[in-house]
Amino acid sequence: MAVTHEGTAQSEAYERGVARAQSLVREVNEQIHQLRSRLSDLDELDVRTIFCECCSDDCMEPIEITLDQYELARRFPTRFVVVPGHEELATERVVEQQDSYVIVEKTGVGGEVAILLDPRRVRA
């Protein structure tokens, strides 16, 4: 029984770490979004480039997404935009799939961390 608890603790620690890493890239994308919004007059069809928000430490793959699509993803603090194939199905589920990106949602402990680290929550 102790092995199960230890495995659960390790799994939760992994989920927390992954969610923190993804939240950091989300924060970078939010900062870019805020700066760009201040510097230009954007419309809803404006295409922007963001960085993949997957859990890989060395991934910086660009994703093209419209402002409207970006805002839809950001409505939920547990959601992240990743390159197709970068999903981590052990800690998240796919909620939308497009040709150039996938929106995933953190679940469990990772979802809790994502909510706490949501940059829009902090600013509100």
Side-chain angles (χ1 to χ4, degrees):
M1 190 162 203
V3 173
T4 302
H5 177 68
E6 183 179 305
T8 300
Q10 288 175 342
S11 175
E12 287 182 3
Y14 172 76
E15 287 182 47
R16 282 188 180 91
V18 167
R20 281 189 203 104
Q22 287 179 275
S23 295
L24 178 62
V25 178
R26 177 177 62 187
E27 173 67 28
V28 169
N29 284 333
E30 277 291 294
Q31 292 296 323
I32 292 168
H33 172 68
Q34 290 298 317
L35 288 170
R36 186 161 182 217
S37 295
R38 290 181 196 149
L39 296 174
S40 64
D41 186 22
L42 302 174
D43 62 47
E44 290 182 4
L45 298 177
D46 185 46
V47 175
R48 62 201 43 244
T49 301
I50 62 171
F51 295 110
C52 179
E53 298 172 345
C54 72
C55 60
S56 175
D57 291 339
D58 58 351
C59 179
M60 294 296 287
E61 287 197 45
I63 298 171
E64 289 196 352
I65 188 169
T66 67
L67 176 60
D68 189 42
Q69 293 165 331
Y70 180 81
E71 288 299 326
L72 283 173
R74 290 292 173 254
R75 287 181 46 207
F76 302 92
T78 53
R79 294 188 179 176
F80 295 85
V81 184
V82 302
V83 169
H86 289 207
E87 306 90 343
E88 176 66 41
L89 298 179
T91 62
E92 58 200 21
R93 66 183 184 91
V94 173
V95 295
E96 182 179 338
Q97 188 151 8
Q98 300 293 329
D99 290 339
S100 62
Y101 68 89
V102 176
I103 297 177
V104 295
E105 184 169 59
K106 303 304 287 179
T107 58
V109 174
E112 293 170 12
V113 171
I115 291 168
L116 290 173
L117 297 178
D118 179 23
R120 293 188 178 195
R121 179 180 182 260
V122 173
R123 282 195 300 261

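All heavy atoms count here, side chains included; hydrogens, waters and symmetry mates do not.
In this structure, L24 shares a hydrophobic cluster with no other residue, the cluster being traced through Ile, Leu, Val, Met, Phe, Trp and Tyr side chains under 4.5 angstrom apart. When hydrophobic residues (I, L, V, M, F, W, Y) are linked wherever their side-chain heavy atoms come within less than 4.5 Å, the members clustered with F80 are V82, L89, V94, V102, V104.
Between I63 and C52 the shortest heavy-atom distance is CD1-CA, 3.7 Å. Here the shortest heavy-atom pairing between S100 and P84 reads O-CD, 3.6 Å. Between R79 and A73, the shortest heavy-atom contact is CB-O, 3.7 Å.
Every pair passing salt bridge (charged side-chain N to carboxylate O under 4.0 Å, His left out) that includes a residue from residues 51-65 is listed here, sequence neighbours excluded: E53-R74.
Taking E92 as the reference, K106 meet the salt bridge (Lys or Arg N to Asp or Glu O under 4.0 Å) condition, with sequence neighbours excluded. Applying the ring-ring contact (aromatic ring centres under 6.0 Å, His included) criterion to F51, with sequence neighbours excluded, gives no partner residue. For R93, the side-chain hydrogen bond (donor to acceptor under 3.5 Å, both in side chains) partners two or more places apart in sequence, or in a different chain, are E105.
Distance alone, capped at 3.5 Å, is enough to place a donor-acceptor pair between the E87 side chain and the G85 backbone.
The shortest distance between side-chain heavy atoms of R121 and P77 does not fall below 4.5 Å. Looking at heavy atoms from C-beta onward, E71 lies in side-chain contact with H33 at the 4.5 angstrom threshold. Between I50 and I65 the shortest side-chain heavy-atom distance falls below 4.5 Å. In this structure, the side chains of H86 and Y101 stay at 4.5 Å or more apart for every pair of heavy atoms. Side chains of E15 and S11 form a contact here, defined as non-hydrogen atoms less than 4.5 Å apart.
How far OG1 of T107 is from CD of E112: 10.0 Å, rounded to the nearest 0.5 Å. To the nearest 0.5 Å, atoms CZ (R20) and SG (C55) are separated by 14.0 Å. With rounding to the nearest 0.5 Å, the separation of CD1 in I32 from CD in E27 is 10.5 Å. Atoms OG and CZ, from S23 and R16 in turn, are 13.0 Å apart once rounded to the nearest 0.5 Å.
In this structure, V81 is a member of the same hydrophobic cluster as V83, with clusters built from ILVMFWY side-chain heavy atoms closer than 4.5 Å. Cluster membership for V28 and M60, using ILVMFWY side-chain heavy atoms within less than 4.5 angstrom, is shared.
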key: Criterion side-chain contact (heavy atoms from CB on, under 4.5 Å) on I103 and F76, from CA distance to verdict   = CA-CA 11 Å; I103 297 177; F76 302 92; over 6 Å; no

